[in-house]
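Quick notes on the structure that follows.
Given the structure is predicted, the values throughout are model-derived calculations rather than measurements. When a ligand or atom number is given, it counts from 1 through the structure's own listing order. Both backbone and side-chain heavy atoms feed into the values below; hydrogens, waters and symmetry mates do not.
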Amino acid sequence: MGEVSPITPLTEVQTRAQLEEFDVDSPRVGIVMGSESDMESMEKAARELQERGIPHELQVMSAHREPDVVADYAKNARMRGLRVIIAGAGISAALPGAVAAHTDIPVIGVPLSGRLTAAGGLDAILSIVQMPPGVPVACVGLDNPRNAAILAAQILGA
Ligand code: RP5
């Protein structure tokens, strides 16, 4: 019988790299939004990613109405294979910041206008841009989810 070489345990990083290799179709970009009413707009980000062949997922979750759902999603994002999160929200748009508070993967915020918008959408823009030092959120233009998708593709190098 030949000599049996000892098995060296994989580091967490190596294990993740191997899993990513096998699971090529798992979403790389998570698109989340604060309400069903944001869907029509945020689907434009999904369309752009679709055209670029970047696996993604779309989910509705509200930072104010379902804070635990948002926290769980953000905490598990990296482990699930997500590499960028696009978060769209209107009015007091807390979602991008709430996601960024629970993950170290890049978060791109999309300020949205809508029926309750104040100051022409400036409410959502400032809510997304004015993050405290150490917790960044990238912010694209008002009602411009397509730019978020393009930026996500650039971050991924895809
Ligand atoms: C935000 O409040 C959502 O992102 C949406 O843009 C806005 C209005 O939400 P709904 O009242 O339509 O659910 O949280």
Side-chain angles (χ1 to χ4, degrees), residues 12 16 19-20 23-158:
E12 194 187 331
R16 279 210 197 115
L19 283 172
E20 278 182 19
D23 202 0
V24 286
D25 290 332
S26 72
R28 288 290 178 267
V29 179
I31 303 173
V32 295
M33 66 210 82
S35 169
E36 277 291 340
S37 64
D38 300 326
M39 186 61 87
E40 192 182 334
S41 183
M42 292 307 291
E43 273 175 346
K44 292 176 192 149
R47 220 169 296 143
E48 183 66 33
L49 293 173
Q50 183 74 37
E51 281 167 16
R52 290 166 180 260
I54 299 172
H56 57 278
E57 63 184 15
L58 267 173
Q59 285 189 46
V60 175
M61 59 185 72
S62 167
H64 295 114
R65 297 162 178 152
E66 306 158 291
D68 295 341
V69 173
V70 173
D72 286 347
Y73 183 84
K75 283 177 191 169
N76 293 325
R78 181 178 284 286
M79 186 194 67
R80 293 184 49 239
L82 296 178
R83 290 297 170 262
V84 183
I85 295 176
I86 295 172
I91 53 176
S92 177
L95 184 60
V99 170
H102 292 290
T103 184
D104 61 357
I105 69 175
V107 177
I108 305 170
V110 185
L112 299 172
S113 62
R115 70 196 156 85
L116 299 172
T117 295
L122 192 59
D123 48 0
I125 292 172
L126 292 178
S127 297
I128 293 173
V129 168
Q130 289 289 58
M131 288 295 291
V135 191
V137 167
C139 183
V140 294
L142 184 69
D143 296 322
N144 201 335
R146 182 168 171 249
N147 263 9
I150 295 169
L151 182 56
Q154 289 168 341
I155 291 169
L156 290 170

So, does Asp123 use its side chain to make a donor-acceptor pair with the main chain of Ala118 at under 3.5 Å?
yes
Give the numbers and elements of all ligand 1 atoms closer than 4.0 Å to a heavy atom of Ser37.
9 (O), 10 (P), 12 (O)
Using heavy atoms and a 4.0 Å limit, tell me yes or no: is Asp38 in contact with ligand 1?
yes
Do any N or O atoms from the side chain of Asp38 and from the backbone of Gly34 form a donor-acceptor pair under 3.5 angstrom?
yes
Would you kindly specify which portion of Arg65 sits under 4.0 Å from ligand 1, judged on non-hydrogen atoms: side chain, backbone, both or neither?
side chain
Does the Glu66 side chain pair with the main chain of Ser62, one donor and one acceptor, at a distance under 3.5 Å?
yes
Which option out of Ser127, Ala124, Gly90, Ser41 puts a heavy atom nearest to atom 14 (O) of ligand 1?
Gly90
Just to be sure I'm reading this right: ignoring hydrogens, which of Gly88, Ser113, Ser35 gets closest to atom 10 (P) of ligand 1? Compare them by their nearest heavy atoms.
Ser35
For ligand 1, which atoms sit closer than 4.0 Å to a heavy atom of Arg115?
10 (P), 11 (O), 12 (O)
Short side-chain to backbone donor-acceptor contact, Arg83 and Leu156, under 3.5 Å:
no
For His64, is the nearest heavy atom under 4.0 Å from an atom of ligand 1?
no
Could you check whether Ser26 and Arg28, counting side-chain N and O atoms only, form a donor-acceptor pair closer than 3.5 Å?
yes
Val84 and Ile105: side-chain contact (heavy atoms from CB on, under 4.5 Å), yes or no, with the steps?
CA-CA 6 Å; Val84 183; Ile105 69 175; 5.9 Å; no
For Ala89, the ligand 1 atoms with a heavy-atom partner under 4.0 Å come out as 4 (O)
